[in-house]
Number of protein chains: 2
Amino acid sequence: MSSDSNPTRVRILKSAWALLEAGGGGAVRMSDIAKAAGVSRQAVYLHFPNRADLLVATTRYIDGVHDIDGRLVRSRIAGSGRERLASWVEAWGNYIPLVYGVLKALMAMKDSDAEALAAWNDRMQAVREGCAAAVAALQADGALAEGFSAEEATDVLWAMLSVRTWEQLCQECGWDQARYVTAMQHMTEQILVSGGSGGKGPIRYLPEK
Amino acid sequence: MSSDSNPTRVRILKSAWALLEAGGGGAVRMSDIAKAAGVSRQAVYLHFPNRADLLVATTRYIDGVHDIDGRLVRSRIAGSGRERLASWVEAWGNYIPLVYGVLKALMAMKDSDAEALAAWNDRMQAVREGCAAAVAALQADGALAEGFSAEEATDVLWAMLSVRTWEQLCQECGWDQARYVTAMQHMTEQILVSGGSGGKGPIRYLPEK
DNA sequence: AAGTAACTTTACACTGTGTAAAGTTGACAC
DNA sequence: GTGTCAACTTTACACAGTGTAAAGTTACTT
């Protein structure tokens, strides 16, 4: 698309990404991004109608750079339901830190801006679908824990894999990213797979190195 | 204290509570609260130096009305570690919806306002202590699941019981409050208690009625 | 009658988003 | 060279909400 080859537009996106990832979060203003891109504040509005749109465009830009689609598709190849759950947790869990800065800004905006809310919901709905697919794979194997309906299990997985939970463990509690992923694999298995981790299968739960 | 007997102050607090609980969240302005209390906007600033302080005072007011201290203390009486975990999950989990409106406003404020952040951290640190106490009780029984240090277990419990997780399940996914509490009791037990729920003990996990 | 506390009214500073419009610059067309 | 067009800059302003400042009102106290 022409949008990806427009140099000024790309410079703005890269600046937004850099500032947001540097920890600014909701404190990054349009003027900061403009300054970082070496462009006037008004020029930013020439390319993006508003802040919410710029944030969304930034996540899409980052997605492209990291080949997110590829990652997620690969996470769906796994054979058994358990393997698929583990690979989904890993794929999404490792994606979060890549876009956390932008998502944080979007989260902060979403309860005062309708556009930001819509963008956020759209994104999170996609994540929910990944969770639902993992749960469906478990169910197809007859491995879904008793006590939860498929929908409840999806809700639980979605909540456990939420950006907020990642934020709390990795940002506030200082967890290491690798520890987060293995712990999440372990916990989601304990909760969602029938029989829990009683019989240890081929999937390794504890830190590998 | 005179602060609790000052009628205007109390009217402001009650108005703030009502508006916030009605779902306003971050969208409730100082002028809305003033209007609801039948007082000028400036009068609010006569009683509370800023919005963050008003929000904090509102949670304290609600705490007092609901005898929160009593509830939490009672949750620590339970005998075994497992019972104590379940009663802590219940006590805190059932407290969240009572103050959710105010907490939501505080959460929205905390990444742009240092005072709100400090107030939030203070509150959440208290919750963390409750989590740490429950984990310590499990550990004293030798019932803490292997694979987690006491600190990690505290982090996990704290994250699972976060306001955000409650929000996602009960607000976004439409879970019933009672279901939330029983599911959380079940999940925290599965993850934190050694042996999981393999041997079903005296604690009921599934909905009671 | 003076004083004082609690409140109102009016007004303004500040921050950040988004809109509006006129001016600059460089490339390309003919 | 002249024209024109797009991309960008500059300047200015509307708007929302928080918080500050100060003068005015009211009613109760002594």
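Letters A, B, ... are given to chains in the order of the sequence lines, protein chains preceding strands, and every chain is numbered from 1.
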B:Glu21 versus B:Pro97, closest heavy-atom pair with distance: OE2-O, 3.3 Å

Position toward the 5' end of DNA chain C (nearest nucleotide), A:Arg29 or B:Thr8: B:Thr8

Separation of C:dC7 C1' from B:Arg9 CZ (nearest whole Å): 17 Å

Side-chain N,O (B:His47) to OP1/OP2 (C:dC7) below 4.0 Å: yes

Base C:dT19 paired with A:Gln42 side chain (donor-acceptor, <3.5 Å): yes

Whole-Å distance separating the CZ atom of A:Arg51 from the P atom of C:dG18: 8 Å

From B:Arg128 atom CZ to A:Glu172 atom CD, the distance as rounded to the nearest 0.5 Å: 10.0 Å

Length of the line joining B:Leu46:CG and C:dT9:C1', which is rounded to integer Å: 13 Å

Parallel, tilted or perpendicular: ring planes of A:Trp175 versus B:Phe148, cut at 30 and 60 degrees: tilted

Interatomic distance where NZ belongs to A:Lys35 and P belongs to D:dT9 [whole Å]: 14 Å

A:Arg41 (side chain) and C:dG16 (base): donor-acceptor pair under 3.5 Å: no

Whole angstrom value for the distance that separates P of D:dT20 from CE of B:Met30: 10 Å

Position toward the 5' end of DNA chain D (nearest nucleotide), A:Val44 or B:Pro49: A:Val44

Atom pair distance, as rounded to whole Å: CG in A:Asp32 and C1' in C:dT17: 13 Å

Nearest to side-chain heavy atoms of A:Asp113, which nucleotide of D:dC8, C:dG18, C:dT9: C:dG18

A:Leu54 CG to C:dT17 C1', straight-line distance once rounded to whole Å: 13 Å

Sub-4.5 Å side-chain heavy-atom contact between B:Leu20 and B:Leu55: yes

Pair A:Gln125, A:Trp158: side-chain N/O donor-acceptor within cut-off below 3.5 Å: no

Interatomic distance where CE belongs to A:Met109 and P belongs to C:dT17 [whole Å]: 8 Å

Nearest to side-chain heavy atoms of A:Tyr45, which nucleotide of C:dT17, C:dC7, D:dG19: C:dT17

